[in-house]
2 protein chains.
Amino acid sequence: MRQDGRLARMIHVLVHMGLLGGRETSERIAQMLNTNPVVVRRTMASLRQYGIVKSEGGRGGGWSLTRPLTEITILDVQRALQGETILDAPLSNDHPSCPVERAANAKLQRAFQSAEQTLEREFQKVTLAEIGEIAMASAKAGKTG
Amino acid sequence: MRQDGRLARMIHVLVHMGLLGGRETSERIAQMLNTNPVVVRRTMASLRQYGIVKSEGGRGGGWSLTRPLTEITILDVQRALQGETILDAPLSNDHPSCPVERAANAKLQRAFQSAEQTLEREFQKVTLAEIGEIAMASAKAGKTG
DNA sequence: ATAGACTGTAACACTATTTGTTACGCTATA
DNA sequence: TATAGCGTAACAAATAGTGTTACAGTCTAT
């Protein structure tokens, strides 16, 4: 079941930015993510629109957080990247007037809504600051690999 | 967030098969799904492997259920189509030794596991017989569209 | 002012996945 | 033995995500 890897990648970057504290260019972020600056700008633009980061052009410009990691949850990042919907029930649309198809779709939709609520709750529980702390602790313990 | 539409389509077909009670050819099933017989065989093969349907070749052959709709849940169909995993956490793999990436992935994985458990529970609660009943009721009530 | 270091964005190529299609072999039955 | 069915490989088409190039706009140091 293929999904969008941007959430994990952006969390990764934001935590680094929070720990470093300063401003990062698209170029440097691209290196963190093994990708290139345009992809970074494209994705960071969603975060900016949602108010998580800001960008400044011109010499000395780059990206920075608008608030500390303690005030950013995984859910915030998710919302910024994909809007309200986290999980989308994969419904069928072969015979929209068929009562069987409708009944099946309705049941699936309810199930996915429950799962989405769970995911939402879990996402909201985790701040990026927590992730940073876990990373620092494990790095200190020498689990760097 | 795009996902696999086979689950909904197969539920649709299985309920029809259960309500009709007999045997269906790949050709007829393909018509129900607005697709073609090869795609049907490909997908039905997974259900057969899991023991939900059986196929018979030769003249008069086709597909039939191995047990009544009351004994098939959405989870059964899901398992047949995709195995154990329902939701896959979309993790990042840019710097596998980076403790920040690891910590972020770990948190995401836990969140998705919770959601997967919810989905599993919901899927197991619903039998195809229920879906058939809902469909029959709504058809009787004239909500056929 | 102007050069340089940035972001913003359009356009296009590449890749992987799903779905659809054609073709042909095998099997059971009338 | 002709026919109606499944089994499967091989290939085409559509879609989505990602990567890349190119160029315009913007800010700052000098």
Side-chain angles (χ1 to χ4, degrees), chain A residues 1-10 12-13 17 22-50 52-66 78 81-83 85 87-88 90-94, chain B residues 1-10 12-13 17 22-50 52-66 78 81-83 85 87-95:
Chain A
M1 192 162 277
R2 194 69 195 75
Q3 296 201 43
D4 187 349
R6 287 179 303 167
L7 179 59
R9 299 179 101 189
M10 287 303 110
H12 180 187
V13 161
M17 287 173 65
R23 192 168 291 175
E24 297 287 346
T25 66
S26 302
E27 180 63 40
R28 277 175 54 84
I29 295 174
Q31 284 166 8
M32 290 186 205
L33 297 180
N34 274 331
T35 181
N36 79 45
V38 176
V39 176
V40 170
R41 286 183 201 123
R42 207 184 271 159
T43 310
M44 294 291 279
S46 304
L47 302 185
R48 182 186 50 217
Q49 197 172 2
Y50 202 80
I52 295 176
V53 299
K54 64 187 176 204
S55 65
E56 279 155 308
R59 192 188 195 110
W63 300 87
S64 50
L65 298 176
T66 59
Q78 168 68 33
L81 291 174
Q82 300 202 340
T85 301
L87 286 180
D88 221 1
L91 305 181
S92 69
N93 193 31
D94 301 310
Chain B
M1 190 161 281
R2 195 70 197 74
Q3 297 201 39
D4 186 351
R6 287 180 305 166
L7 179 59
R9 300 179 100 188
M10 287 301 109
H12 180 188
V13 161
M17 286 173 65
R23 191 167 293 175
E24 297 287 347
T25 66
S26 301
E27 180 63 40
R28 275 174 56 85
I29 295 174
Q31 284 166 8
M32 290 185 204
L33 298 179
N34 275 330
T35 181
N36 79 42
V38 176
V39 176
V40 170
R41 288 185 198 120
R42 206 183 273 161
T43 310
M44 293 291 277
S46 305
L47 302 185
R48 182 186 50 215
Q49 197 173 2
Y50 201 81
I52 295 177
V53 299
K54 63 188 175 203
S55 65
E56 280 156 307
R59 192 185 195 111
W63 300 87
S64 50
L65 298 176
T66 59
Q78 168 69 35
L81 291 174
Q82 300 202 340
T85 302
L87 286 181
D88 222 1
L91 305 181
S92 69
N93 194 31
D94 300 312
H95 287 290

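First the proteins, then the strands, lettered A, B, ... as listed; each starts at 1.
For B:K54 and D:dG7, the NZ to P distance is 14 Å, given to the nearest whole Å. Atom pair B:M44:CE and C:dT19:P shows a separation of 16 Å (rounding to whole Å applied). Rounding to whole angstrom units, CG of residue B:L33 and P of C:dT21 are separated by 13 Å. Rounding to whole angstrom units, CG of residue A:L7 and C1' of D:dT18 are separated by 17 Å. Put simply, CG on B:D88 is 16 Å from C1' on D:dG17, counting in whole angstrom units. Between the CZ atom of B:R6 and the C1' atom of C:dT19 there is a distance of 11 Å, rounded to whole Å. Between the CG atom of A:N34 and the P atom of D:dG19 there is a distance of 9 Å, given to the nearest Å. Put simply, CD on B:Q49 is 18 Å from P on D:dC6, counting in whole angstrom units.
Remark: B:D94 engages A:R9, A:L33, A:N34, B:S92, B:E101 in a side chain to side chain contact (heavy atoms under 4.5 Å, CB included) (not counting sequence neighbours). Applying the side chain to side chain contact (heavy atoms under 4.5 Å, CB included) test to B:S26 and every residue at least two apart in sequence or in another chain returns B:P37, B:V40, B:R41, B:W63.
Counting non-hydrogen atoms under 4.0 angstrom, A:R9 reaches the backbone sugars and phosphates but no base.
Of the side-chain N and O atoms in A:N36, one or more sit less than 4.0 angstrom from OP1 or OP2 of D:dT20.
A donor and an acceptor atom, one from each side chain of A:T43 and A:R6, are nowhere located under 3.5 Å apart.
Of the possible donor and acceptor atoms, one in the side chain of A:T66 sits under 3.5 Å from a partner among the backbone N and O of A:I52.
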Next item on the list: Could you encode protein contacts along nucleotides 4-14 of chain C as a string, one character per nucleotide from 5' to 3', using B for base contact, S for sugar-phosphate-only contact and - for no contact, with a heavy-atom cut-off of under 4.0 Å?
Entry: BBBBBBBB---
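Under the 4.5 Å side-chain criterion, counting only non-hydrogen atoms from C-beta, A:Q82 is not in contact with A:L7.
Residue-environment remark: CZ (A:R28) stays at or below the threshold of 12 foreign heavy atoms within 6.0 Å.
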